[in-house]
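Encoded as structure tokens, the structure appears first; notes follow it.
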Amino acid sequence: MYGVINFEVFLITGILLNLIPGADTMYIVGRSIAQGRNAGVYSVLGICSGSLIHTLLVAFGLSIILTKSLILFNIIKIVGVIYLVYLGIKMLLDKTNLSLDSSGSNKQNKRKIYIQGLLTSLTNPKVALFFIAFLPQFIDTKAAGPIPFIILGLTFTFTGLVWCLFIAYFSSFISQKIRDSERMGTYLNKITGIIFIGMGLKLLQTKAPQ
């Protein structure tokens, strides 16, 4: 099918991989618990948009540069670490309840959370390396062009979208009663800040491919 082989195996493997908690999952959970369903959904959309961009970069051969340039790899990694730690510290210092559900149509905050989710994905070189290593295993060696990569990338992103939306809805649901309390909402923001800082420190340990 358009240069794709063993699609059923790819689909099952992709779903299983999406079920494994990672940095993206922790970001979505943190946003959903601290700021509610809307924040969780917009963070999911940002993360998935990042996956689509990674798909295009791999499809057109740009992400392979990461495996060839140690300097570029480390630059992207450091930018990602700084960004996540910055978000974490910002939430730790914020003393207000940032719940989007209480503000209703705050488009600026929604746009900000979407962009933050997008940048969280794009500044994580592990995501790019995953696409580089994983997708080619299900592409016919005789196939040419970006179409097989795009098909697989869209499939993986869609299954991830469904799972991440479930996580966002579930996380926001179980934390709704707690978040309604202004004091507890502030505590949840601080917990989310700690999660973001932890994500940044974990990303810092990522090694460039040999």
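Only this structure's heavy atoms are used, side chains among them; waters, hydrogens and symmetry mates stay out.
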Rounded to the nearest 0.5 Å, how far does CG of L165 lie from OG of S32? 9.5 Å
Evaluate L122 against I53 for side chain to side chain contact (heavy atoms under 4.5 Å, CB included), listing each step before the verdict. CA-CA 8 Å; L122 292 181; I53 294 176; 3.7 Å; yes
Distance, nearest 0.5 Å, that separates CG of L52 from CD1 of I47: 12.0 Å
Same cluster or not: V162 versus I28, using hydrophobic residues (I, L, V, M, F, W, Y) connected whenever any side-chain heavy atoms lie under 4.5 Å apart? no
Tell me, which pairs form a ring pair (Phe, Tyr, Trp, His ring centres under 6.0 Å) where one or both residues lie in residues 10-38, sequence neighbours left out? F10-F134, F10-F138, Y27-F196
So how far is it from D24 CG to W163 CH2, rounded to the nearest 0.5 Å? 14.0 Å
Look up atom CG in L161 and atom CG in L154, then write down how far apart they are to the nearest 0.5 Å. 11.5 Å
Side chain to side chain contact (heavy atoms under 4.5 Å, CB included) between N38 and N109, intermediate numbers included: CA-CA 10 Å; N38 285 341; N109 280 343; over 6 Å; no
Walk me through whether I89 and I197 qualify under side chain to side chain contact (heavy atoms under 4.5 Å, CB included). CA-CA 7 Å; I89 293 176; I197 293 174; 4.1 Å; yes
Between atom CD1 of I132 and atom CG of L57, what is the distance when rounded to the nearest 0.5 Å? 9.0 Å
How many angstroms lie between CD1 in I150 and OG1 in T157, if you round to the nearest 0.5 Å? 11.5 Å
Indicate yes or no: at least one non-hydrogen side-chain atom of I5 is less than 4.5 angstrom from one of I139. no
Please check if the side chain of S172 supplies one atom and the backbone of Y169 the other of a donor-acceptor pair under 3.5 Å. yes
Kindly say whether F130 contributes a backbone atom to a donor-acceptor pair with the side chain of H54 at under 3.5 angstrom? no
Angle class for the F131/F156 ring planes (parallel below 30°, perpendicular above 60°, tilted otherwise)? perpendicular
With the 4.5 Å side-chain cut-off for hydrophobic clustering, are I151 and F158 part of the same group? no
Just so I know, are the side chains of L56 and F149 near enough to count as touching, which here means a heavy-atom distance under 4.5 Å? no
With sequence neighbours excluded, residues passing side chain to side chain donor-acceptor pair (under 3.5 Å) with T159: N18
Restricting to side chain to side chain donor-acceptor pair (under 3.5 Å), what partner residues turn up for S49, sequence neighbours left out? Y114
